[in-house]
Amino acid sequence: MRLAHRIAPAIAALALIIAVPSQAVPDDRSAGKKRELFGAQCRIEVDRSRVSATCHNPYPGVDRVALHIECDQWWDIDTDSRPRAVDPAETVRLDGRCWKNVRGAWVSHRKAPV
């Protein structure tokens, strides 16, 4: 008999959870801002002192990408490429280098002015 008293509240709580309409539960996708479809997808390859980035833009907006290279030696100058527009469904390649070894490389993204 005592087991029934312990199970009954759990069953009632479960029934309430199941009976709650789906509109009462907030959906993460509809809450706040919608996810913005922007930004070219870039692949960076480093081969000793040379860096190349291949960027493809699958979205309808124009993305302006730039390649940034940080060189390993203190005397080697870090470089930033000029921003380059990547139109929808377009692929571009950005290249750069250091005199010796590369410490790091990344691509920055900006929306093109309307």
Side-chain angles (χ1 to χ4, degrees):
M1 195 71 148
R2 291 184 183 238
L3 183 62
H5 289 301
R6 291 182 188 167
I7 294 176
I11 292 173
L14 183 61
L16 281 173
I17 292 172
I18 293 172
V20 172
S22 63
Q23 295 156 345
V25 178
D27 185 7
D28 290 340
R29 291 173 288 166
S30 64
K33 294 190 326 184
K34 291 183 179 179
R35 183 174 172 262
E36 186 177 8
L37 300 177
F38 170 77
Q41 299 166 350
C42 298
R43 186 180 69 239
I44 300 172
E45 295 178 15
V46 177
D47 182 19
R48 287 182 277 190
S49 64
R50 298 184 183 276
V51 179
S52 64
T54 306
C55 298
H56 175 75
N57 185 5
Y59 300 116
V62 177
D63 186 6
R64 293 180 53 80
V65 296
L67 177 63
H68 308 277
I69 303 171
E70 185 177 350
C71 300
D72 202 22
Q73 278 68 27
W74 65 269
W75 47 263
D76 206 347
I77 299 173
D78 299 342
T79 59
D80 301 315
S81 73
R82 285 187 163 177
R84 186 159 171 203
V86 186
D87 292 322
E90 183 179 40
T91 301
V92 298
R93 182 178 166 138
L94 305 167
D95 294 305
R97 63 168 298 171
C98 293
W99 282 100
K100 287 280 189 173
N101 296 323
V102 174
R103 178 177 293 166
W106 64 95
V107 174
S108 62
H109 302 264
R110 285 212 165 137
K111 286 186 178 181
V114 178

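Numbers for residues simply follow the sequence, beginning at 1.
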Checklist entry - Hey, does the side chain of Asp63 reach the backbone of His109 with a donor-acceptor pair shorter than 3.5 angstrom? => result no

Item to check | Remaining members of the apolar cluster that contains Val92, side-chain heavy atoms under 4.5 Å | outcome: Ile44, Val46, Val51, Val65, Leu67, Ile69, Val86, Leu94, Val102, Val107

Checklist entry - Which heavy-atom pair separates Pro58 from Gly39 by the least distance, and what is that distance? => result CD-O, 4.2 Å

Checklist outcome for this item: d(Tyr59 OH, Leu37 CG) to nearest 0.5 Å is 5.5 Å

Checklist entry - In Å and rounded to the nearest 0.5 Å, what is the CZ to SG distance from Arg93 to Cys55? => result 11.0 Å

Checklist entry - Just wondering, do Arg43 and Thr54 contact through their side chains at under 4.5 Å, heavy atoms? => result yes

Checklist outcome for this item: Arg82 meets the side-chain contact (heavy atoms from CB on, under 4.5 Å) criterion, sequence neighbours left out, with none

Next on the checklist: Tell me whether Asp80 contacts the main-chain N or O of His68 through its side chain, where contact means a donor paired with an acceptor under 3.5 Å.
Outcome noted: no

Item to check | Spatial distance of atom NE2 (His56) from atom CD (Glu90) [nearest 0.5 Å] | outcome: 9.5 Å

Checklist entry - Does CH2 belonging to Trp99 count more than 12 external heavy atoms closer than 6.0 Å? => result no

Checklist outcome for this item: In short, Pro83 meets Arg64 closest at the heavy-atom pair CB-NH2, 3.4 Å

Next on the checklist: Looking at Arg97 and Arg50, would you say the former's side chain and the latter's main chain have a donor-acceptor pair under 3.5 Å?
Outcome noted: no

